[in-house]
Amino acid sequence: MRVVGASATHVGQVREANQDRALVSGSLGAVADGMGGHLGGEHAAALAIAELSGVRGYIDEHRLIEVVEAANLRIHEGSVEPQYRGMGTTVVAATFDASRNVITIVNVGDSRGYLFRQQQLSQITVDHSLVEDLLRQGRLTEEEARVHPQRNIVTRALGIGPEVEVDAFAVEVAPGDRIVLASDGLFNEVEDDGIAAILARLAEPTEAVDELVRVAVERGGRDNVTVVILDLVEGDDPAAAQDAADDAAPVGRPIANDKFASDNGGPSGGTLGPDPAVADPDKSSFWRRFRPRSMLLTLGVLSVVVLGFGGTAVYARSGYFADERDGDVVILRGRPSGMLWFKPSIESETSLTVDELDGASRERLAQRPVWPTLEDAMDFVDNLETPAEPDTPEPSD
Ligand code: MN
């Protein structure tokens, strides 16, 4: 089995610049949707794609996450330039491993990865966005989410901080499967049924991406639109032999780093060279941190392997945030939009109910900012406005 890929992008009908970027290179595809000023958004998306374009052959999920983390750091460091201040970008990337027949998809932000199989479109990634959080809380319907005025707000993006949490999904694939990567300019204009109909009608990936983009622009094109398709087809993958050789190497040896060392010498020098954490002889902690723990979810005919990492478990458990449980405001330990199976635990109950909060406070609560300590989270709850009984001790003006 091998991958045949295609991409298309359009500025849309409203925006002046196209801050989306796409990549199809060998068996790797990616979409980045930049944000933060005219120059910054384009620059951030281009940096993310440049980092991914250095990938040669198949890399496993750990290495793909590392590439995204390297892109994050590069964008974050670049944002000290005045013209790039505050720049960030989403990213969704997919890579095919012919030796295991697995597509690994990673994402940060609200650009999506879908699987189209047997005429069914399934979203694989989980959006890191405000409306996704509200959807999961049952506060919005799918239809409301599609037109929500804050649907562009993402809760994670590359470039915002020196570190970023990257989600990874591994999908077992078969010939005929299509992986679709898209910026929100597609799915905010074209509903899933419309996307699926085009994918079913146009087997040629170049025709399908062109048509998806054309329809999204025709329906309004309120944002930049970008689509990548990776089609799984019968036949040999020229990179498969190399992939098999890589897989035969013992786990724990940083093999992936070898092929990166030559590609990563970017203009900003040190940060993009061989990762010092990997070059360090005491790297066993690195591998312990990222040892995969697999977990199988069966969704009808679709079986999706979701990969968890020890390091993410620790990260997912750190921090405190306030949220609603059965109408009460409670403080939880963990991360609100962390990995799917790390359920935050209730750390403290409060005397507040959501009904007591005014609209602005409910919105602040819905954004679920994460605090480093329980005390910080309790202060946050104390400062939520309750018009019925204003009990904030200090004047906030
Ligand atoms: Mn967008």
Side-chain angles (χ1 to χ4, degrees), residues 7-24 29-50 52 68 71-72 75 79 84 86-94 105-114 123-135 140 142-160 164 166-167 180-192 194-195 198 209-229 337:
S7 71
T9 187
H10 194 284
V11 67
Q13 297 194 42
V14 176
R15 302 287 172 95
E16 286 180 4
N18 192 343
Q19 303 191 327
D20 285 1
R21 292 291 183 277
L23 171 72
V24 173
V31 168
D33 179 349
M35 61 197 78
H38 186 96
L39 291 171
E42 285 188 68
H43 190 55
L47 284 175
I49 292 300
L52 284 158
V68 172
N72 175 70
I75 296 162
S79 67
Y84 298 141
M87 71 174 169
T89 185
T90 73
V91 70
V92 58
I105 304 178
V106 296
N107 78 299
V108 174
D110 67 352
S111 297
R112 291 182 181 171
Y114 297 90
Q123 185 181 338
I124 302 296
T125 54
V126 178
D127 297 348
H128 305 134
S129 69
L130 180 62
V131 292
E132 174 67 24
D133 287 353
L134 294 172
L135 263 174
L140 289 181
E142 295 276 353
E143 261 324 296
E144 288 167 341
R146 197 185 303 281
V147 296
H148 195 280
Q150 291 175 304
R151 66 183 176 280
N152 292 327
I153 295 182
V154 295
T155 51
R156 277 191 232 172
L158 297 190
I160 306 308
V164 69
V166 183
D167 288 355
V180 181
L181 311 178
S183 65
D184 60 341
L186 173 70
F187 50 82
N188 282 333
E189 302 291 5
V190 188
E191 64 286 1
D192 285 1
I195 295 172
I198 291 167
V209 291
D210 285 346
E211 180 67 359
L212 287 166
V213 168
R214 190 191 68 75
V215 170
V217 173
E218 185 185 82
R219 299 269 174 92
R222 287 164 290 180
D223 194 0
N224 308 146
V225 189
T226 302
V227 182
V228 162
I229 290 180
S337 55

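All values derive from a computational prediction rather than experimental measurement. Both ligands and their constituent atoms are indexed starting at 1 by order of listing.
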*Could you tell me which residues satisfy side-chain hydrogen bond (donor to acceptor under 3.5 Å, both in side chains) with T9, sequence neighbours excluded, listed by chain and number?*
N18, T226

*With the Mn ion (ligand 1) as the centre, enumerate protein N/O/S atoms below 2.8 Å in chain and residue order.*
D33 OD2, D184 OD1, D223 OD2

_Using modelled atom types and a 3.5 Å cut-off, is there a donor and acceptor pairing between side-chain atoms of D110 and backbone atoms of V154?_
no

*Mind checking the CD1-CG spacing from I105 to D167? Nearest 0.5 Å is all I need.*
11.5 Å

*Donor-acceptor contact present, side-chain S7 to main-chain L23, <3.5 Å*: no

*asked:* Please verify the inter-ring angle class for F187 with Y114; under 30° counts as parallel, over 60° as perpendicular, anything in between as tilted.
replied: perpendicular

*Under the side chain to side chain donor-acceptor pair (under 3.5 Å) criterion, do D20 and S183 qualify, and how do the steps go?*
CA-CA 7 Å; D20 285 1; S183 65; 2.7 Å; yes

